[in-house]
Protein chains: 2
Amino acid sequence: MPEGTTLISSDLCAMPFPVHPPTHAECTGAMRSVRDALDLLGGKWKLPIIVGLSNGPQRFKQLQREVVGITAKMLSKELKELEINGLLTRHVQADTVPVAVTYTLASYGKTLFPVIEALHQWGQQHRTHIMHPGAAAMLEEAAG
Amino acid sequence: MPEGTTLISSDLCAMPFPVHPPTHAECTGAMRSVRDALDLLGGKWKLPIIVGLSNGPQRFKQLQREVVGITAKMLSKELKELEINGLLTRHVQADTVPVAVTYTLASYGKTLFPVIEALHQWGQQHRTHIMHPGAAAMLEEAAG
DNA sequence: CATATCGGTATCCTTTGGGAAACCACTATC
DNA sequence: GATAGTGGTTTCCCAAAGGATACCGATATG
């Protein structure tokens, strides 16, 4: 595993002497957790890569074809970060030539499925919402 | 409402002549939707802002205090984009002085609650996962 | 009189994200 | 002999994201 990078950045609520009285959503609620998650999953590629691995292990080039548009450099970089954070594992099979490198979603990575699912559902609904507004109005009413 | 910007960027699957045979996850699955959602919600501040509005309408400065660390410039910019996409509404009360501007989560914005919830849950669990590894092992086993 | 609040805007600046292309050694295939 | 595929790294470069600071006119508060 490569050397470590960031783990948590927004430790606002862990400060010994809070600078200001914590506001409603700040320390009580979802704000901090959401930002923690975003620190790890933010950027253009991390989630798409995880989606690409969700149907089973993939080799590098294979994965690059799956995640359309990503360059080898970015894929390599993102894979390293995801591995550091324990979301996937990298396995090198040295007996073949050239060596076969396989990336597998770790069990911890699979805990992201609910997040992926939610984003997937929303993104899908958003597309129809844009294409013909009013079609998704029922959904809104339910939530409104 | 300000003038329009992006709506959908990854229209890979809508191309008249697909450059390559669609791979498994690419057109069939979650990849496209997730990327659509990410286009809209990506960046450091959009989701935190929505969280900040999830407990009721907020005025500008109020919201800026809630979303700790955001500058007025960024908040202003992000609010515009979120309004363009119909996730929130901006209301100006002109009879007071100085004018009071209120931002309210639109019903369409509330359809993001499942996404927020998922991220919130995961981020929360991730924090404990880091603090004392092994505590969240049960969760992983359930998903693994 | 000085200071703070309101909702921003304008300007300048740095950092990061991310793309393009070349390149590596080796093998298999045409 | 040329080409493609394997798993990347390296270099160069640009655009976008985002931070810091100053400022606006009005009003209220000390």
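Note on naming: letters A, B, ... go to the chains in the order of the sequence lines (proteins, then strands), and numbering restarts at 1 for each one. This structure is a prediction, so every number in the text was calculated from the model and none was measured.
- Side chains of B:Thr102 and B:His91: no donor on one and acceptor on the other come within 3.5 Å.
- The nearest whole Å value for the distance from the OH atom in B:Tyr103 to the P atom in C:dG7 is 8 Å.
- A:Gln125 and A:His129 share no side-chain donor-acceptor pair at under 3.5 Å.
- Across the protein-nucleic acid pair, A:Lys77 atom NZ and D:dT11 atom P stand 17 Å apart, rounded to whole Å.
- The separation between A:His91 atom NE2 and D:dG7 atom C1' is 15 Å, rounded to whole Å.
- Spacing between atom CD1 of B:Ile70 and atom C1' of D:dA20 amounts to 15 Å, rounded to whole angstrom units.
- Taking side-chain N and O atoms only, A:Lys44 has a distance below 4.0 Å to OP1 or OP2 of C:dG19.
- The A:Ser76 side chain lies nearest to D:dG8 when the options are D:dG19, D:dG8, C:dG8.
- Between A:Arg65 and the phosphate of D:dG7, there is no side-chain N or O to OP1/OP2 separation shorter than 4.0 Å.
- Counting only N and O atoms by type, the side chains of B:Glu66 and B:Gln62 include no donor and acceptor under 3.5 Å apart.
- With distances taken from any side-chain atom of A:Pro98 to the nucleotides D:dG18, C:dC6, D:dG5, the minimum falls on D:dG5.
- At whole-Å resolution of the value, CD1 in A:Ile49 and P in C:dG17 are 13 Å apart.
- Taking every side-chain heavy atom of B:Arg59 into account, C:dG7 is the closest of C:dG7, D:dG7, D:dT9.
- With D:dG18, C:dG18, D:dG8 as the candidates, the nucleotide lying closest to the side chain of A:Lys73 is C:dG18.
- Closest contact between the side chain of A:Thr71 and the listed nucleotides D:dT6, C:dG19, C:dG7 involves C:dG19.
- In this structure, NE2 in B:His126 is found 11.0 Å from CE in B:Met131, a value given to the nearest 0.5 Å.
- Separating the CG atom of A:Asp39 from the C1' atom of C:dT16 is a distance of 14 Å, rounded to the nearest angstrom.
- Between the CG atom of B:Leu79 and the C1' atom of C:dG7 there is a distance of 11 Å, given to the nearest Å.
- As a whole-Å value, the separation of B:Met74 CE from C:dT9 P is 13 Å.
- In the set C:dG8, D:dT9, D:dA17, D:dT9 carries the atom at the smallest distance from any side-chain atom of A:Lys80.
- Considering only side-chain atoms of B:Trp45, the nucleotide from D:dG18, C:dA20, D:dT6 that sits closest is D:dG18.
- Taking the nucleotide of DNA chain C with the nearest heavy atom to each of A:Ala72 and A:Gly43, the more 5' of the two is matched to A:Gly43.
- Contact of the B:Phe60 side chain with the B:Ser76 side chain is registered, since non-hydrogen atoms from C-beta on lie closer than 4.5 Å.
- Contact between the side-chain N/O atoms of A:Arg90 and the OP1/OP2 oxygens of D:dG8 is found at a separation under 4.0 Å.
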